[in-house]
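Input: a single structure, listed below in structure tokens.
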Amino acid sequence: MFENEYLNRVYADVERRDANEPEFLQAVREVFDSLELVVDRHPEWEKAGLLERFVEPERVMEFRVPWVDDQGVTRVNRGYRVQYNSAIGPYKGGLRFHPSVNLSIMKFLGFEQTLKNSLTTLPMGGGKGGSDFDPKGKSDAEIMRFCQSFMTELYRHIGQFTDTPAGDIGVGAREIGYLFGQYKRIVNRFDGGVLTGKGLSFGGSLARTQATGYGLCYFSAEALKHLKNDSYAGKTVVVSGSGNVAQYAAEKCSRLGGKVVAMSDSQGYIYDPNGIDLVKLFDIKQKRRARISVYADEVPGSEYHAGCRNIWGVKCDIAHPCASQNEMDAGDAQKLVDNGCMAVFEGANMPLTPGAIDIVKANGLLYSPGKASNAGGVATSGLEMSQNSIRMSWSFDEVDEKLHGIMRSIYKACYDASVECGKPGDLMVGANVAGFLKVAEAMMAQGVV
């Protein structure tokens, strides 16, 4: 499997212990493929059991979340918090409310978050959490009661110097508000830095809502410029998803000269050859919380197609998968190649299967993993924590400028690491190696803990 015996042994142990966690195994395997290029240079890692410690979360919490729906019926969901690695700072990572949530997904996300946070250059460790609760179709009152029950258990495990959650799929400003309110109520303190993605009236940061999508485009623009002497200008773009990341990726790439012609939700996708009307899309998704099919009903010339995976058959120059893990398989990637796509930049966490990555890279498309290109969200969460600590607020432009600088530095770190590994321009190798080396150095310095 791997040429390095140490990597083989550690991965075999992970495979044996976590055989029922496919997403976690996939994430570990991808990173180990890259580390093969550097592990031989560090024999001290094996003696210190570094990789064995790195693939094991520091702490995993699983708990029940009872709540009462609007009909007075008691419901029970399962909650999680994976505190993955705190070598370079307090655990930091989002909360996901979605029926697909399980321990494998929480561990894979925490693992990825550790490397992503390392790349931001900010002092944040990695963590992730959430629940199999589905906020879709629930009233505000039901979501409030669920969030309050969830936080009644979670509060004992988090803190602004311990673990600072944020939002993720299914957890937006509404949910963060309810979660923070319950936390404040229980601890009897206003610890603003304990949750990020807060509303502006109680410690949130300007530009946080836009940060992941904007950051994706800042990173992508840097890669296009440096590796292809090109830009978004005049490019046709497909963005999967229609949540926070997808919406603001579409907005920013449009401002940079691209034309977004397709977006999706879990049921299907829309195609608009004239370019997606983002004012209409934002109204449908942010205000009405409606299905994306409504867009085709209201915008002449656009089309709705059932089946969200079929979006990758739309001809484009640049693809931004921004929906969820493993949303693009080898067949989908081949469609992009056949239609002349030049680049795939990930906005979601691990949206490409290993087979899809192989096809994209084998055909010479630019490719960046989400741990690098979607790091803008957590980077701006780190900036929100800084503002909370100094009790100040920065302007939108100040935060956006800092975000832009961070994404440029992430690209440079990935590219420089790819060169050091003898694979210049391989941003997947660069992201994995650059992110890991910083965590490894901190872990080695702190002893066997």
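Residues take their numbers from the sequence shown, with the count starting at 1. The basis for the numbers below is simple: all heavy atoms, side chains too, and nothing from hydrogens, waters or symmetry mates.
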Handout entry: Test of ring centre spacing under 6.0 Å for Phe150 and Tyr183
Key =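 No.
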Handout entry: Asp69/Arg75 under salt bridge (Lys or Arg N to Asp or Glu O under 4.0 Å): CA gap, chis, key distance, verdict
Key = CA-CA 7 Å; Asp69 68 18; Arg75 307 287 186 182; 3.0 Å; yes
Approximate separation, where rounding is to 0.5 Å, of [X] [atom1] and [Y] [atom2]:
X      : Y      : atom1 : atom2 : result
Ser409 : Glu222 : OG    : CD    : 10.0 Å
Gln334 : Cys341 : CD    : SG    : 12.0 Å
Ser149 : Phe63  : OG    : CZ    : 9.0 Å
His157 : Leu154 : NE2   : CG    : 7.0 Å
Glu153 : Tyr80  : CD    : OH    : 13.5 Å
Leu206 : Leu383 : CG    : CG    : 12.0 Å

Cation-pi check, [X] onto [Y] ring (under 6.0 Å, within 45° of axis):
X      : Y      : answer
Lys371 : Phe111 : no
Lys184 : Phe190 : no
Lys252 : Tyr214 : yes

So [X] and [Y], would you call those rings parallel, tilted or perpendicular, with 30° and 60° as cut-offs?
X      : Y      : answer
Phe133 : Phe146 : parallel
Tyr218 : His404 : parallel
Phe345 : Phe219 : perpendicular

Crowding at [atom1], [X] (>12 non-hydrogen neighbours, <6.0 Å):
X      : atom1 : result
Arg17  : CZ    : yes
Arg288 : CZ    : yes
Arg174 : CZ    : yes
Arg185 : CZ    : no

Exercise for the section: In sequence, state the C-alpha distance, the side-chain angles, and the governing distance for Val194 and Arg189, and then conclude on side chain to side chain contact (heavy atoms under 4.5 Å, CB included). Expected result: CA-CA 11 Å; Val194 72; Arg189 292 189 307 273; over 6 Å; no
If you look at every heavy atom in [X] and [Y], which pair is closest and at what distance?
X      : Y      : result
Leu25  : Asp18  : CD1-O, 3.5 Å
Ser118 : Ile88  : CA-CD1, 3.6 Å
Glu303 : Ala296 : C-CB, 3.8 Å
Pro135 : Glu175 : CB-OE2, 4.4 Å
Gly275 : Tyr295 : O-OH, 4.0 Å
Val360 : Ala333 : CG2-CB, 4.0 Å

Exercise for the section: Walk me through it: do His320 and Val238 pass the test side chain to side chain contact (heavy atoms under 4.5 Å, CB included)? Expected result: CA-CA 6 Å; His320 284 317; Val238 166; over 6 Å; no
Handout entry: From CA spacing to verdict: side chain to side chain donor-acceptor pair (under 3.5 Å), Ser240, Arg309
Key = CA-CA 9 Å; Ser240 68; Arg309 295 290 286 263; over 6 Å; no
Handout entry: Test applied, side chain to side chain donor-acceptor pair (under 3.5 Å); reference residue, Thr196; option that passes from Gln387, Arg208, Lys92
Key =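 Passing option: Lys92.
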Do you see a donor-acceptor pair shorter than 3.5 Å between the side chains of [X] and [Y]?
X      : Y      : answer
Thr152 : Gln182 : yes
Ser86  : Glu58  : yes
Asn349 : Glu112 : no
Asp426 : Tyr367 : no
Ser131 : Asn77  : no
Gln210 : Asp400 : no
Asn432 : Ser34  : yes

Practice task
In sequence, state the C-alpha distance, the side-chain angles, and the governing distance for Asp297 and Arg291, and then conclude on salt bridge (Lys or Arg N to Asp or Glu O under 4.0 Å).
Solution key: CA-CA 11 Å; Asp297 295 334; Arg291 285 292 182 187; over 6 Å; no
Handout entry: Beyond-backbone contact of Met342 with Lys228, side-chain heavy atoms, under 4.5 angstrom
Key =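 Heavy-atom side-chain distance check passes, below 4.5 Å.
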Practice task
State, yes or no, whether a side-chain contact exists between Tyr269 and Asn310 at a heavy-atom distance under 4.5 Å.
Solution key: yes
Exercise for the section: Could you walk me through whether Tyr248 and Phe282 pass the ring-ring contact (aromatic ring centres under 6.0 Å, His included) test, one step at a time? Expected result: CA-CA 10 Å; Tyr248 290 105; Phe282 285 14; 5.4 Å; yes
Exercise for the section: Could you walk me through whether Asn274 and Lys259 pass the side chain to side chain donor-acceptor pair (under 3.5 Å) test, one step at a time? Expected result: CA-CA 8 Å; Asn274 298 312; Lys259 181 169 76 169; over 6 Å; no
Practice task
Evaluate side chain to side chain contact (heavy atoms under 4.5 Å, CB included) for Val399 paired with Thr380, printing each intermediate quantity in order.
Solution key: CA-CA 8 Å; Val399 177; Thr380 307; 3.7 Å; yes
Practice task
Show your working on salt bridge (Lys or Arg N to Asp or Glu O under 4.0 Å) between Lys235 and Asp317 and close with a plain yes or no.
Solution key: CA-CA 6 Å; Lys235 301 294 187 298; Asp317 301 306; over 6 Å; no
Exercise for the section: List the steps, then state whether side chain to side chain donor-acceptor pair (under 3.5 Å) holds for Ser242 with Asp265. Expected result: CA-CA 6 Å; Ser242 52; Asp265 64 14; 5.1 Å; no
Exercise for the section: Please step through side chain to side chain contact (heavy atoms under 4.5 Å, CB included) for the pair Met428 and Lys361, ending with a clear verdict. Expected result: CA-CA 10 Å; Met428 183 173 78; Lys361 294 177 70 175; 3.4 Å; yes
Completion exercise
The side chain to side chain contact (heavy atoms under 4.5 Å, CB included) partner of Ile276 among Gln247, Glu251, Met263 is Met263
Practice task
Using the salt bridge (Lys or Arg N to Asp or Glu O under 4.0 Å) rule, take Asp13 and Arg16 through it: C-alpha gap first, then chi angles, then the decisive distance, then the call.
Solution key: CA-CA 5 Å; Asp13 285 343; Arg16 174 179 53 81; 3.6 Å; yes
Practice task
Applying ring-ring contact (aromatic ring centres under 6.0 Å, His included), run through Tyr91 and Tyr84 and close with a yes or a no.
Solution key: CA-CA 7 Å; Tyr91 309 106; Tyr84 204 93; 9.3 Å; no
Practice task
Say whether, by atom type as modelled, one donor and one acceptor occur between the side chain of Asn363 and the main chain of Ile359 under 3.5 angstrom.
Solution key: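 Yes, because the side chain of Asn363 sits within donor-acceptor range (under 3.5 Å) of the backbone of Ile359.
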Exercise for the section: Look only at the side chain of Asp134 and the backbone of His98, and say whether a donor-acceptor pair between them is shorter than 3.5 Å. Expected result: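 Looks like no, no N/O pair under 3.5 Å.
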